Every structure is written in C-alpha cells, then in structure tokens.
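Beneath this line is the structure, given in structure tokens, with notes to follow.
Position 1 is the first residue of the sequence; numbering continues from there. Hydrogens, waters and symmetry mates play no part in the numbers below; they use all other heavy atoms, side chains included. Being a predicted model, the structure only gives us computed values, none of them experimental. Atoms within each ligand, like the ligands themselves, are counted from 1 in listed order.
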Amino acid sequence: MTQKDPWLLTPGPLTTSRETKDTMLHDWGSRDSSFIETNQRIRENLVKIIDGQESYVCVPLQGSGTFAVEATIGTLLPPNGKALILINGAYGKRMVKILQYLNREYDIIETPEDTPPSIDDLDKKLSQDPKITHVLAVHCETTSGILNPLNQIGKIVAKHNRRLIIDAMSAFGAIPISIKEIQFDAVMASSNKCLEGVPGVGFAIIQKQSLEQCKGNSHSLSLDLYDQWITMEANAQWRFTPPTHVIMALDAAINQFVQEGGVLARHKRYSENCKTLISGMKEMGFETLLTSQLQAPIIVTFKMPKDHKFDFPLFYESLKEKNFVIYPGKLTVAPSFRIGCIGHIGRQEIRGALTAIKDTLAEMNIGDCSPE
Ligand SMILES: *Cc1c(COP(=O)(O)O)cnc(C)c1O
C-alpha cells in the first residue's frame, strides 16, 4: 500500500493508521446505543492507563487539548484558589494566559526552555505561600521536548498538602503516569497525540472526590467539566453535540494501543524512533538542544546549522515534497527546528526522513550542519 499523505513528524496532529481513518467512514447518532457504549468504553479505558479505575473519572470535552486544559483549570480551581505554574516553555505560559482570562490568582516558577523546574524553589514557594492551593505542571514540555521531573514535583506538592494538575498532553499513552507512583487531582490529554487518534477531543482524568467538590466553580457553561461529568454519568450522553467521528476513531486507536502492548510498548517504539533520529542527525553534524537525560522520546529540538546556505523555509518545503512534514522551533533560547517521534510511524519512516534530509542538504549544497 502506498502512503500518499505526508508523514507528520510534528507534535500533532499526527499520522494515524489506516484502520483508525477507516473507522470514520460512517455516521452515528449521538443518542444511539452503539455510540453511547463506545463513549463509555473509551472513558473506562483512559482511566485504566493511569491505574485509576477505583477513584478517578474521565471527562471528555469537544475541542483541542487547550480546551481541556482551560476547562480543567476553570473547574478544579475555586474562585478563591491560587495556582502555582511551573513554566519552561509555551504550554506553561499558555496556562498563565488561561489564569489571566479566568481572573484567578497565580504565581509562577519559570526556568529556561532547556532547564527543568527547580524542586528546591517549588519546596520554598509552597512553604512561604499558604494561599497556593494548586500546582500546575507540564509533563513533557513540547516546546523543547524536555521531560519534566513529575514524580519529584508530585512528592513536594503532596508533602505540602496541595493539589497537582498535570498537562500530560504530549506524553499521555507513551510515558507512564500512575496514581500508584504519584498523587494528583487531574491529568489532561487529547485524542491526537500519543494515543494516535484524530484531533477534536480532549479529556481530563480527575479524582472523583475532588471533582465532587467542584460544582459552581466554572466560569463557563461549555467548559464546565463538573456539569459535563454529572450529565454523562446520569444518561451516558454528551450535553452538546459530540464529535462522533473523532470519538469512534479514538476508540479504534485505543484498541490498537492496547493490542500493541499499552504505554510500555508505545514508549519503546517512540524511544527507538527517537534514538534512530538523533543518531542519524548527529552523523550529519546536527546538535540537539537537550542532553539525553532531559530528552523525552516525543519530539526532538535541533539547533539551526550555522551555514548561511541553510534556509529553513526551503529545507521545510523540500522535505514536504519528499513527503515528510517537520515543525518549526518555538524556542526563545536558540534558533531551532523540531522533528517528532510520535504517531503511527516506526524506524522505517524515521530512516526515510533521514534520507530525505540528506538529499535536501545535498541539494542545498550544505556539508556541515553544526550550529554556531
Ligand atoms: C499539544 C499540547 C497542548 C494542547 O495544544 P492544542 O493545540 O490545543 O491541542 C497542551 N499542552 C501540551 C504540552 C501540548 O503538547
């Protein structure tokens, strides 16, 4: 079978399997029993990924991941609460923007994009400021691809008896998070990253006991996850039109995820993609932003080569012609670009991308890709 669509080596949306795409060639009524059953199954399967069957619930929401982040924060943080946001990239900053829109109190701990948050600073802030009720952290900060020390963060937050909300958007399904290892109120993710579904639905997996206390917190009807949850528990239906095709595709994607071997198998495939990518790029002289200890097997940031003949828009277009889509950098610390390791791809596609990159460099007449 020939792959006519380009391979998406991006942070999402990603390449999905034929099986997942095929699922969408039907129509479903949102009140129909087969759709309702599927919706129920997805919610249960997602909770299992964090070992939360006993005490957590999954609340899905229409829209991209940011909708789920905004909805979760607005629902869980009471109007008189205060958030502490750990920032080392664009997604931490986006949570700050959400807090500003919500008009809720917040503080930040910010480190550069290639540096994990300081656990000592977190410990100090929580000791000094009793008003802080919630800590908001990003698992894999997709801006750089850095893996933040979630378990250490969780220990400190628990020690101070505060609540933790995790944006695990780009890690969920590929980097283990379990309630057996870490205490948290909620973890947020979406259909179109490591679960390899299509874009259009986000979700939060929330501790039931916490969610029960959240009636009336939300500023927004459509983003109120408490109301979404209560309604879905009552009649198994969505309050407002659900993205039916997206949900059916997510169900198919989760079936394939389970067949593959769950989080550990996906972590292994993406790690192999990541290793193959980095070693191939290093052979051409490229350098990664992050050291291997900080690098999550999700997306890799490469520094821009210093050769003035390297023109990124041209490089991007030429790779696109060869059927590979990469991603521009979003860093403030250094000019860069990113190549993703996630989606329905394996080492063969990564090797194909490396060949396309080599050919492109030859066309551009570039011998050495080392950065400044
Ligand atoms: C993708 C992503 C989001 C959500 O982005 P959307 O464009 O709204 O889907 C949030 N946080 C992180 C860390 C992400 O990688």
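Here's the thing with Thr66: one of its N/O atoms is less than 3.5 angstrom from an N/O atom of ligand 1. The shortest N or O to N or O distance between Ser64 and ligand 1 is under 3.5 Å. On a distance-only criterion, Asp167 and ligand 1 share at least one N/O pair closer than 3.5 Å.
Scanning all protein heavy atoms for the shortest distance to atom 2 (C) of ligand 1 gives Lys193 NZ, 2.5 Å. For atom 15 (O) of ligand 1, the closest heavy atom belonging to the protein is Thr142 OG1, 2.4 Å. Scanning the protein for heavy atoms near atom 9 (O) of ligand 1, the closest one is Gly65 N, 3.1 Å. Of all protein heavy atoms, the one closest to atom 3 (C) of ligand 1 is Met169 CG, 3.3 Å.
Here the two rings, on Phe337 and Tyr316, have centers that are 6.0 Å apart or farther.
Using a 4.0 Å cut-off between charged nitrogen and carboxylate oxygen, Arg18 and Asp22 count as a salt-bridge pair. Residues Glu233 and Lys208 are not paired through a salt bridge, judged by the lack of any N-O separation under 4.0 Å between the basic side chain and the carboxylate. Under a 4.0 Å N-O distance rule, the pair Asp359/Lys322 does not qualify as a salt bridge. The pair Lys215-Asp227 fails the salt-bridge criterion, with no side-chain N (NZ, NE, NH1 or NH2) lying under 4.0 Å from an Asp/Glu carboxylate O.
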Residue pair Val59, Ile205: steps toward the side chain to side chain contact (heavy atoms under 4.5 Å, CB included) verdict: CA-CA 6 Å; Val59 190; Ile205 303 173; over 6 Å; no
Test side-chain hydrogen bond (donor to acceptor under 3.5 Å, both in side chains) applied to Lys21 and Thr16, step by step: CA-CA 7 Å; Lys21 283 189 269 281; Thr16 58; 3.3 Å; yes
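Within the 4.0 Å heavy-atom shell around ligand 1 one finds Val138. For the ligand labelled ligand 1, residue Pro199 lies outside the 4.0 Å heavy-atom shell. Using a 4.0 Å cutoff on heavy atoms, Arg94 counts as a contact of ligand 1.
The atoms of ligand 1 that sit less than 4.0 Å from any heavy atom of Ser170 are 15 (O). Residue Cys140 has at least one heavy-atom neighbour below 4.0 Å for each of these atoms of ligand 1: 13 (C).
Closest non-hydrogen pair, Pro297 versus Ile175, comes out as CD-CD1, 4.2 Å.
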